[in-house]
Novice: 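Below is a structure I'd like to ask you about.
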Protein chains: 2
Amino acid sequence: MDRRQRKTREAIFDAFTELLSKKDYSQITVGEIIEKADVGRATFYSHFETKDFLLKELCEELFCHIFDTANEQNSGHRHIFSCDAPDSAFLHLFQHLKRNDNNIAFLLSCRNNELFLGYFKKDLKLLVENQIEIFESRKSNLLPQDFWVNHITSVFVETVRWWINNGMKESPEKITSYFFLSV
Amino acid sequence: MDRRQRKTREAIFDAFTELLSKKDYSQITVGEIIEKADVGRATFYSHFETKDFLLKELCEELFCHIFDTANEQNSGHRHIFSCDAPDSAFLHLFQHLKRNDNNIAFLLSCRNNELFLGYFKKDLKLLVENQIEIFESRKSNLLPQDFWVNHITSVFVETVRWWINNGMKESPEKITSYFFLSV
DNA sequence: CTGATAATGAACAATGTGTTCGGTAACGAA
DNA sequence: TTCGTTACCGAACACATTGTTCATTATCAG
């Protein structure tokens with residue numbers, strides 16, 4: 001990728017992120033983004049079809065890394081399928097968030113977290129499906145499979161939401177225990 | 001309320017609802033709404049400050065009834081606090097949805113259900129707080145109170161979402177049992 | 001019937017969107 | 001360094017949408 005492209009793409013992402021901390025997604029205009037990013041209008045539209053696509057690509061870039069490493073955690077032959085496993089993929093996710101790599105936690109906490117949590121949930125569901133055996137229990141046998149997957153995924157997302165909105169005071173280990181307790 | 005006011009308000013709500021079944025909330029314009037509702041532009045803005053307020057008021061009107069009756073269910077001295085109680089407030093909610101009074105289920109299922117579920121959740125949380133004793137358990141004692149309330153509320157909302165998106169094939173009784181099982 | 005109130009429709013400025021295009025500057029490969 | 005390619009610029013553009021205004025007409029409740 002051309003260095004110029006990378007630079008403008010970065011500048012637009014940064015400007016967009018900064019604006020998201022101040023106002024609603026729906027209130028942000030392309031004009032504001034390009035002004036803050038200091039790029040031309042035509043440049044913006046050569047990179048992103050619309051503002052919605054900008055959001056989408058930002059999420060993909062952000063979540064790509066965090067979920068790739070989380071999935072690796074589960075690959076290979078090390079099947080640590082205990083709820084108490086100190087290095088479960090879910091604990092790793094919470095740790096990533098705590099470290100706030102790439103402002104992920106920040107974006108998930110801002111006014112428009114619905115938007116991000118939606119994309120987050122999509123990726124998360126794949127992880128849950130891969131690790132569904134962890135959650136086998138008396139309950140899970142009485143419920144339809146996809147209801148159960150949805151349930152786990154939702155509980156994780158809502159745990160993240162609660163944690164972030166409350167200032168992430170708890171340690172990743174503690175919040176992981178909350179998650180496994182409540183699921 | 002003046003009959004004229006009621007009529008236009010109704011017409012706008014109807015037009016808005018119909019449009020929501022066809023396109024994203026963000027893609028719907030005031031122009032489309034007033035055309036379909038067959039009212040003047042100035043009339044629209046004399047009723048609703050913006051499109052967002054229209055959504056808000058629609059939700060309030062829709063959920064007001066359903067939650068009022070649900071809360072009554074819990075008032076008085078009949079405290080039926082068993083999870084298996086066949087007439088819990090939660091069962092009543094599922095029954096309301098199944099009957100699809102006022103197109104509530106329809107709106108909660110359409111493309112933009114995030115918006116509606118957001119408002120729905122706000123009202124629901126009050127109900128859960130009132131009935132939190134139902135959910136006392138070993139788990140609930142190990143988790144912070146507001147984490148627990150959030151958890152129950154979210155699980156209910158996600159159960160509704162799953163049910164509606166899957167065509168509401170299960171009976172209200174069945175889905176109530178799913179809810180109490182998974183919570 | 002009558003005074004009050006709501007709806008109309010047309011016009012309005014202001015703002016935002018997405019596209020176009022010729023000129024300029026930075027790029028990477030040879 | 002050179003050279004062909006590619007991205008950026010910036011200004012302009014047509015177009016759509018927003019939210020407001022106002023004089024006029026229709027409908028209301030008592």
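Per chain, numbering begins at 1; letters A, B, ... match sequence-line order. Just the heavy atoms: all of them, side chains too, but no hydrogens, waters or symmetry mates, feed the values below.
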Novice: In this structure, how many angstroms lie between the P atom of dA7(D) and the CE atom of M1(A), rounded?
Specialist: 9 Å
Novice: Determine: side-chain N/O of T8(A) to OP1/OP2 of dC8(D), distance under 4.0 Å, yes or no.
Specialist: yes
Novice: Using the side-chain heavy atoms of R4(B), tell me which of these nucleotides is nearest: dG19(D), dA26(D), dG18(C).
Specialist: dA26(D)
Novice: Just checking K139(B): does its NZ atom have more than 12 heavy atoms from other residues, nucleotides or ligands closer to it than 6.0 angstrom?
Specialist: yes
Novice: Which of the following nucleotides, dC28(D), dA25(C), dC22(D), is nearest to the side chain of A42(B)?
Specialist: dC22(D)
Novice: Mind calculating the distance between CZ (F48(B)) and P (dT20(D)) to the nearest angstrom?
Specialist: 15 Å
Novice: L142(A): what forms a side chain to side chain contact (heavy atoms under 4.5 Å, CB included) with it, not counting sequence neighbours?
Specialist: R138(A), L181(B)
Novice: Between atom CD in Q5(B) and atom P in dT5(C), what is the gap in whole Å?
Specialist: 11 Å
Novice: Go nucleotide by nucleotide along DNA chain D from the 5' end; which of K7(B) and G31(B) gets its closest nucleotide reached first?
Specialist: G31(B)
Novice: Just compare dC27(C), dA6(C), dT17(C) and give me whichever is closest to any side-chain atom of D2(A).
Specialist: dC27(C)
Novice: Report the distance from atom OH of Y45(B) to atom C1' of dA6(C), rounded to the nearest whole Å.
Specialist: 18 Å
Novice: I want to verify a distance call: between dC8(D), dT17(C), dT8(C), whose nearest atom is closest to the T43(A) side chain?
Specialist: dC8(D)
Novice: Expressed as a whole number of angstroms, how long is the span from I34(B):CD1 to dA10(C):P?
Specialist: 12 Å
Novice: Is it the case that K51(A) places NZ or CZ above or below the six-membered ring of Y25(A), under 6.0 angstrom from the centre and within 45 degrees of the axis?
Specialist: yes
Novice: Under 6.0 Å from the six-membered ring centre of F67(B) and within 45° of its axis: does the NZ or CZ of K122(B) meet both?
Specialist: no
Novice: Can you tell me how far C1' of dA7(C) sits from CZ of F44(B), to the nearest Å?
Specialist: 15 Å
Novice: Quick one: does R41(B) reach the base of dT8(C) with a side-chain donor-acceptor pair under 3.5 Å?
Specialist: no
Novice: What is the separation between atom CD on E32(B) and atom P on dA16(D), rounded to the nearest whole Å?
Specialist: 13 Å
Novice: How is T29(A) classified with respect to the nucleic acid when contacts are heavy atoms under 4.0 Å: base, sugar-phosphate, or nothing?
Specialist: sugar-phosphate
Novice: Where does the angle between the aromatic ring planes of F156(B) and F179(B) fall among parallel (under 30°), tilted (30 to 60°) and perpendicular (over 60°)?
Specialist: perpendicular
Novice: Heavy atoms under 4.0 Å, any strand shown: does R3(A) hit a base, just sugar-phosphate, or nothing?
Specialist: sugar-phosphate
Novice: Can you measure H47(A) atom NE2 to dT17(C) atom P for me and round it to whole angstrom units?
Specialist: 18 Å
